[in-house]
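Here's the structure we're looking at; comments come further down.
Letters A, B, ... are given to chains in the order of the sequence lines, protein chains preceding strands, and every chain is numbered from 1. The analysis underlying the following values was restricted to heavy atoms, covering all of them including side chains, and did not include hydrogens, waters or symmetry mates.
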There are 2 protein chains.
Amino acid sequence: MKIDPNSSKDLSAQIAQAIRDAIIKGDLIVDERLPSEAELSEHFDVSRPTVREALKRLAAQSLIRTQRGATGGAFVNRLTFEDAYGQQITTSTLLLSMNAVSFATACEARYALERACAPLSARRRNADHLATMRAEIHRQTQEGLSDEAFCASDVAFHRALVDGAGNPVLSYQLAGAVEAMQPLMNMITFTARSRVRIITLHGNIADAIEARDPKGADAALIDLENYTIELAQDVMARRAGA
Amino acid sequence: MKIDPNSSKDLSAQIAQAIRDAIIKGDLIVDERLPSEAELSEHFDVSRPTVREALKRLAAQSLIRTQRGATGGAFVNRLTFEDAYGQQITTSTLLLSMNAVSFATACEARYALERACAPLSARRRNADHLATMRAEIHRQTQEGLSDEAFCASDVAFHRALVDGAGNPVLSYQLAGAVEAMQPLMNMITFTARSRVRIITLHGNIADAIEARDPKGADAALIDLENYTIELAQDVMARRAGA
DNA sequence: CAATTTTCATTTGTCAGACATTTAAAAGTC
DNA sequence: GACTTTTAAATGTCTGACAAATGAAAATTG
């Protein structure tokens, strides 16, 4: 691991990159302890605060964890699916909010990905996944449910559908797409009338998944996508009119 | 923005979270300048190195950028699709390498997502996308191409297919899935014989995309997926036998 | 001897202050 | 007015120090 003292980049960025590369390359393996901050600062010939800035960069990406004390230090962290979910959601959310992505584009991406999971989920879902979907549908029918709670339940429903595919890599990929859409979805579910229709469409999806009917699940998702687009257009039109 | 000095977490982690929340919530908007490090250290009642550690955490996630000089400082960064690609690829790569994900699982996820793009790409691809696909196929036929170069060309081919859908959100999601698979794909493409077959299958995909044939593209992708699985099983068997 | 307590060295977390470097604006000069 | 110099502000980096956590070794105790 070496750095170029003449580079224009920050030393801490270079050091972080050097360690990151070592982890990706496999020179540093999971749970391996990195040299202490003092040793690293000597190795790279920089001060301890600079090393610390580099380590914090890596910690922000969940690549390392630190522990205080005699046997403490920085350890290569096993990147869990849960960690990755969180980063994926944060990144996707900011990506959508900062880049003027049209509702149509985001919606298309989300349903395209979800439809990729549906056939697998129809084949492999277990009783738990189905029960979660039904429970969330039931929650959605409750009077007096706030828009936020309705949307959270919506996310949970789709999450169960995706998890039903039994493929953690797919679940990870979808987490960002589904959760990042929540703020946008919030806009279009605030009338009682649209809720009823959405719940019906959710029911159709659950029915198809229960019947282990891949084509039916796909068709039901397309229905939901079309209705979502329709609602969004209504909201846009109403907003433009007002 | 406030922090809890009694929390068990690092101060720099808390400060980073507070600023991150402010960005997500919209209290800090794109290109807005954060207070200087000196002002932040006064606001949070911590030292400047601690503030800097917090800022480096945010920089690692591309949430801020810093600039030196009189009018410099830390600015809220517009998270570009390109930035997000990079993070997505790094995260996906490490996720696969650190979590004993089976080849079958990773492969299934990758092709499920790619098949979600194929119909859209068949409808919307332009001449450039098609030309890139053809060029990469041609590159793959060249004698003496290293395994690494072949895989890179493979990635570029699939990237063009995905980009043909014209949906940057989809492209972003797929970037991780396709690129993270590259090391795994490396294993199974090192015989000249498999290259020929892969190139044929790539040709079939390109033909379907050129003909704007969604179903044909889907079928061709399924063929490629099946062949990929078959090759992987051969490699496993050979490795077990040896 | 076994169990418990204490001590201690190691490591990260935090702080204070200083200097170097970069940058753009302000002041000065022709 | 155009160019040069100065200056102030900000980040980048360093030094040195102390606090706090933590596990292991040493000392103590029954």
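Between the CD atom of A/Q14 and the P atom of D/dG12 there is a distance of 13 Å, given to the nearest Å. Atom-to-atom, CZ of B/F75 to C1' of C/dT23 comes out at 11 Å; the value is rounded to the nearest Å. What separates CD1 of A/I3 from C1' of D/dT13 is a distance of 12 Å, to the nearest Å. Between the C1' atom of C/dT23 and the CD atom of B/Q67 lies a distance of 9 Å, rounded to the nearest Å. With rounding to whole Å, B/R33 atom CZ is found 12 Å from D/dA9 atom P.
The stretch residues 52-64 of chain A has no heavy atom under 4.0 angstrom from DNA chain D at all. Of all the residues in residues 34-48 of chain A, A/S36, A/E37, A/R48 reach under 4.0 Å from DNA chain C with at least one non-hydrogen atom.
Between the side chain of B/R68 and the base of C/dT23 there is no donor-acceptor pair of N/O atoms closer than 3.5 Å.
Nearer the 5' end of DNA chain D, as judged by each residue's closest nucleotide, is the contact made by B/P49, out of A/G69 and B/P49. The 5' end of DNA chain D is approached more closely, in terms of each residue's nearest nucleotide, by A/S12 than by the other of A/T71 and A/S12.
Contacts of A/R65 with the nucleic acid, taken as non-hydrogen atoms under 4.0 Å apart, are absent.
Counting only heavy atoms from C-beta outward, the side chains of A/Q87 and A/S62 approach each other to under 4.5 Å. The side-chain heavy atoms of A/F103 and A/T228, taken from C-beta on, include a pair separated by under 4.5 Å. Put simply, the side chain of B/F81 reaches to within 4.5 Å of the side chain of A/L95, judged on heavy atoms.
If you check the side chains of B/D163 and B/S171, you find a donor sitting under 3.5 Å from an acceptor.
Phosphate contact (OP1/OP2 of C/dG13, side-chain N/O of A/T66, threshold under 4.0 Å): present. Between A/T50 and D/dG12 there is no side-chain N or O to OP1 or OP2 distance below 4.0 Å.
Under a cut-off of 6.0 angstrom, the local environment of CD in A/Q142 is crowded, with over 12 non-hydrogen atoms contributed by other residues, nucleotides or ligands. Atom CD of B/E148 is surrounded by more than 12 heavy atoms from other residues, nucleotides or ligands within 6.0 Å.
Not counting sequence neighbours, the partners of A/L40 by the side chain to side chain contact (heavy atoms under 4.5 Å, CB included) test are A/P35, A/F44, A/V51, A/L55.
Although no hydrogens or angles enter the test, the distance criterion places no donor-acceptor pair under 3.5 Å between the side chain of B/E136 and the main chain of B/M133.
Between A/H158 and A/Y111, the ring planes are perpendicular. Angles over 60° get that label, and only those under 30° would be called parallel.
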